[in-house]
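Note sheet for the following structure.
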Amino acid sequence: MSGPNTNYDPVEVSALDPENIAAAVEQAHAAIAAAATLDDLKSVRIAHQGEKSPLALANREIGALPPSAKAEAGKRVGQARGMVGAALAARQAELEAERDERILVEERVDVTLPVVRRPFGARHPIELVSQRLVDAFVGMGWEVAEGPELESEWLNFDALNLGPDHPARQMQDTFFLDPVDSGLVLRTHTSPVQIRTMLRQEPPIYIVAPGKVYRTDDLDATHTPVFHQIECLAVDKGLTMAHLRGAIDAFVKIMFGEGTRTRVRASYFPFTEPSMETDFVCFACHGTGSDDAGAQCRSCGGSGWIELGGSGMVNRKVLRACGIDPDVYSGFAFGLGIERALMLRHGVRGMHEMVEGDVRFSRQFGMEV
Ligand code: PHE
């Protein structure tokens, strides 16, 4: 930049030449008018208002003028810069308004258009209750065991002390597989998982086995040919019926809630000896057998109790068939059908609702995932 110079004629400094300043303003105006976008305008601003613009250079030259010339030059440059600044601001406002209008059109959302609804599914109550029971037993140190639905006849029956001529073999209506001598059935209960586990594993054994089972029943209000059972087996030294009852009580509490009383009745299963049937107190009449109006309770048929499932101490013959010495170890097992228990618990009127897979049915049981 030039230093102060008393003989300095501002008109000779080309940057301050009025014509040059007018030309700079004119060029700026032309460029501003030609800027079609906000980005264009940004470059125009740098070129005509930035540090290296002709008017900024002119402004800097003012400092070098003699005091007498400063005021006039300052006024001229100041006015010029003011005009360019105002023109830039005006064009900026115009372009912003244009942009906003364009966005409103381009990004317009038609709120009246139909939306794609993807409703959440819901897990089936059978799945929910199985998981809850399995989780609780796993929490107590038990293991989950599974077996195939297509099972060998030997594991489904013979190993469980249900020989070919055993009358109890007819207690369960079995789907046999073609050819008849294939030796395969659709498992009629989860009890073959007991055998599979005992053959594979040394005691102590504590397992919970949930799964699908099949029987040749037609689908009606209380039956379904495919249903779910959950079964527990424990084999250890010194297990007694007291342990069995304790395990059943823990199970029932998880399934039906704290304070659900149970009782056991003598029963018969070839693979347990002694065998019991477990009942839990009717949740509708709380064991009284009659409803509020004094009529017979419809949930339990007036007995005050609802049947849960079978149980017993593992038959010594079954332990021996699995290579476990019944003089050293004892075991207990219990199993039940989940559909039936849930229907009773929740007052589900028919088995159809339970098995048809309508998500509206499942949703009533909560949205746990
Ligand atoms: N498997 C038996 C049934 O399906 C139930 C049961 C399981 C009984 C375990 C005793 C012990 O009916």
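Each ligand, and each atom within it, is numbered from 1 in the order the structure gives. Each residue takes its place number in the sequence, starting with 1. All values derive from a computational prediction rather than experimental measurement.
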Could you tell me whether some N/O pair between [X] and ligand 1 is separated by less than 3.5 angstrom?
{"X": "E231", "value": "no"}
{"X": "T188", "value": "no"}
{"X": "Q229", "value": "yes"}
{"X": "S311", "value": "no"}

Nearest atoms (heavy-atom pairs only) where F332 meets M313:
CB-SD, 3.8 Å

Option set P270, G312, G335, A209, criterion heavy-atom distance to atom 5 (C) of ligand 1, minimum
G335

Ligand 1 contacted by S191 (non-hydrogen, < 4.0 Å):
yes

Atom [atom1] of [X] with >12 non-hydrogen neighbours under 6.0 angstrom:
{"X": "K212", "atom1": "NZ", "value": "no"}
{"X": "Q131", "atom1": "CD", "value": "yes"}
{"X": "E26", "atom1": "CD", "value": "no"}

Atoms in ligand 1 flagged as close to F269, the criterion being non-hydrogen separation under 4.0 Å
8 (C), 10 (C), 12 (O)

Distance under 4.0 Å to a non-hydrogen atom of Q194: what atoms of ligand 1 satisfy this?
9 (C)

Could you see which bit of E277 sits under 4.0 Å from ligand 1, with heavy atoms only: side chain, backbone, both or neither?
neither

Side chain to side chain donor-acceptor pair (under 3.5 Å) contacts touching residues 290-299 (sequence neighbours left out)
none

Kindly say whether the aromatic ring centers of H189 and F269 come within a distance under 6.0 Å.
no

